[in-house]
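The basis for the numbers below is simple: all heavy atoms, side chains too, and nothing from hydrogens, waters or symmetry mates. The model shown is predicted, which means the values in this text are computed figures rather than measured ones. In what follows, chains are A, B, ... by sequence order, proteins preceding strands, each numbered from 1.
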Amino acid sequence: SYKYRNKNAGLFCNVCLCLPLCLRWEEEKCTDGSKWRFLEHKGPVFPPPYEPLPDRVRFYYDGKAMKLSPGAEEVATFYAKMLDHEYTTKDIFRKNFFKDWRKEMTSEEKSKITELKKCDFTEMHEYFKAQSEARKQMSKEEKQKIKEENERILQEYGYCVMDNHRERIGNFRIEPPGLFRGRGDHPKMGKLKRRIRPEDIIINCSKDSVHPKAPPGTRWKEVRHDNKVTWLVSWTENIQGSIKYIMLNPSSRIKGEKDWQKYETARRLKKIVERIRAQYREDWRSKEMRIRQRAVALYFIDKLALRAGNEKDEGETADTVGCCSLRVEHIRLHPQMDGQDYVVELDFPGKDSIRYYNKVSVEKRVFKNLQLFLENKQAKDDLFDRLNTSILNKHLQELMDGLTAKVFRTYNASITLQQQLKELTSCESKILSYNRANRAVAVLCNHQRAPPKTFEKSMHNLQTKIDEKKKQLSAAKKELKAAKADAKTLRDEKSKRAVETKKKAVQRISEQLMKLEVQATDREENKQIALGTSKLNYLDPRISVAWCKKLGVPIEKIYNKTQREKFAWAIDMTDEDFEF
DNA sequence: CTGATTAAGTCAGCTGGCTCTAC
DNA sequence: CGTAGAGCCAGCTGACTTAATCA
């Protein structure tokens, strides 16, 4: 892992304490954006080749068994595996799948198989279910063997050497072929994600390293030596035509330093945020429409932690929006609502098609501006027609070096955690306090999750436990009372001791009860909120580390193993006085 | 009580979605 | 100025771990 020494020095190697690269490079006048000097790795791991189905597992078309060619069969299995998923009920999914599947068929198959609804994949589906069942039923030894093999692959392909350090790679496995599962109403859902071949792969490593070998009989698309980027392997994916990468794990120096830098930028924003707020408030009255729009959008980004909202190509992606791409249909204005003035009601699909719904009271000037922006527009028109993310970020860049829309999200998330931790720490359980502070951030950032499938049941189980514990407590109290009465009449050592043990029992049970009740509260409040995302991506870990140290809470209560690895730099350097 | 089985809970990996900038 | 490339952010899921229950 890496140690954090001082804010100008980056991360030092924890083992050899060598100078961080940024400093070494500065000394050598290498401030040209290089990310590394030496990089060696073994290349990606490919998924296993397709194994044709045994003959007994049949596919039926129009009620008649039909043996498919290997190519068509493989694509059919992708669909068969998803049969009990909601996806397969969606028209777009079925249409896209069928179209791409037909491309893989022989001309004979193509002429026979003309309708998806006449296809029967159930035997294939059952076969895969049985397979996964069999995997679960494997003996201990077999499971152990698989585990060891995975470990061997991890050791060989899961690490690279970057500038004399062995670093963990994030995803060293190539994504297997399958059907594309977009999120929300994605126009491309169900399309075939094709198998990636070595000929599609670009390898990036240093010239003087041992280059990874392509599998026997194949060759890479290209081997390049670009130290201005951090990726090791890339390929172009066939659904959106975008590039996919293999990069390092978050515990690596290169990711850690970037993460740390992100929070330092957010802390710089903290110093001038009041000035920026004063300015955008001033800009609400600008003569120029574009400046008013910019100022109102920035207000939303700051107050509501909205994302920037880039334009997206219609028809290629799901219809989701962020701040700059909000449309008239996503906003409603209420001069008065629920006893509040100037209420803005926002309702739109955000990233991952997660719904953002919020009613917020705004200043009169914001409200009047919004009314103005909405004048003479249709539902599908842009709310901010004179603004986009590029204009907004250009403006922000002028206000502070490195300032972009997303910095506000990082800043507001982290500062909220810090404030909430200060306010909430008095309550009964420290961990509950922390989770509540974390939750406040998750709500701000709209990090939602589907309620866990087992939520109702587990809540019910917990309630049963609480009820039992309550009964236990009242029984214990009764016993204590009786013991006290005994002690009063008998006045001997034995009955005195009995009183003490009963007292202890009551105390122990009531503590257990309290713990259970805290757990229930925490779980209930967390039903639809995902804490992980903000914890991992928006909250300066030094705030949490300082809080733990100050209250004597072991860091393990807040961060699990992976999180501790990712935040090793913060855990190492932060003292209890750290202020974000 | 003890070890096995099962249920519940947690976490790491997966892969798609988005921001932002350099060309 | 538009677009491709790079890299950060996102929720879901299946595998693993831990706790509970059973024999």
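For dT15(B), the OP1/OP2 oxygens have no side-chain nitrogen or oxygen of N171(A) closer than 4.0 Å. Taking side-chain N and O atoms only, H447(A) has a distance below 4.0 Å to OP1 or OP2 of dA10(C).
As judged by a 4.0 angstrom heavy-atom cut-off over every strand, R224(A) is placed among residues making no nucleic acid contact. As judged by a 4.0 angstrom heavy-atom cut-off over every strand, Y538(A) is placed among residues touching the sugar-phosphate backbone only. Within 4.0 Å (heavy atoms only), E237(A) reaches no atom of the nucleic acid at all. Across all strands shown, S234(A) has no heavy atoms under 4.0 Å from either base or sugar-phosphate atoms. Using a 4.0 Å heavy-atom cutoff across all strands shown, I354(A) reaches sugar-phosphate atoms only and no base atom. Residue contacts shown for G309(A) are limited to sugar-phosphate atoms, with no base heavy atom under 4.0 Å away. Counting non-hydrogen atoms under 4.0 angstrom, D259(A) reaches nothing in the nucleic acid. Here A318(A) lies out of heavy-atom contact (under 4.0 Å) with every strand. Counting any heavy atom pair closer than 4.0 Å across all strands shown, S390(A) reaches no nucleic acid atom. Counting any heavy atom pair closer than 4.0 Å across all strands shown, K566(A) reaches no nucleic acid atom.
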Worked check of side chain to side chain donor-acceptor pair (under 3.5 Å) between Q144(A) and E148(A): CA-CA 6 Å; Q144(A) 184 58 30; E148(A) 278 165 16; 3.3 Å; yes
Verdict with reasoning, Q420(A) to N438(A), per side chain to side chain donor-acceptor pair (under 3.5 Å): CA-CA 8 Å; Q420(A) 290 288 306; N438(A) 194 166; over 6 Å; no
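Using Watson-Crick or G-U wobble geometry with both donor-acceptor distances under 3.5 Å, dG7(C) finds its partner in dC18(B).
Side-chain N/O atoms of S544(A) and Y434(A) include a donor and acceptor closer than 3.5 Å.
Along DNA chain B, the nucleotide nearest to R523(A) and the one nearest to N310(A) differ in position, and the one closer to the 5' end is contacted by R523(A).
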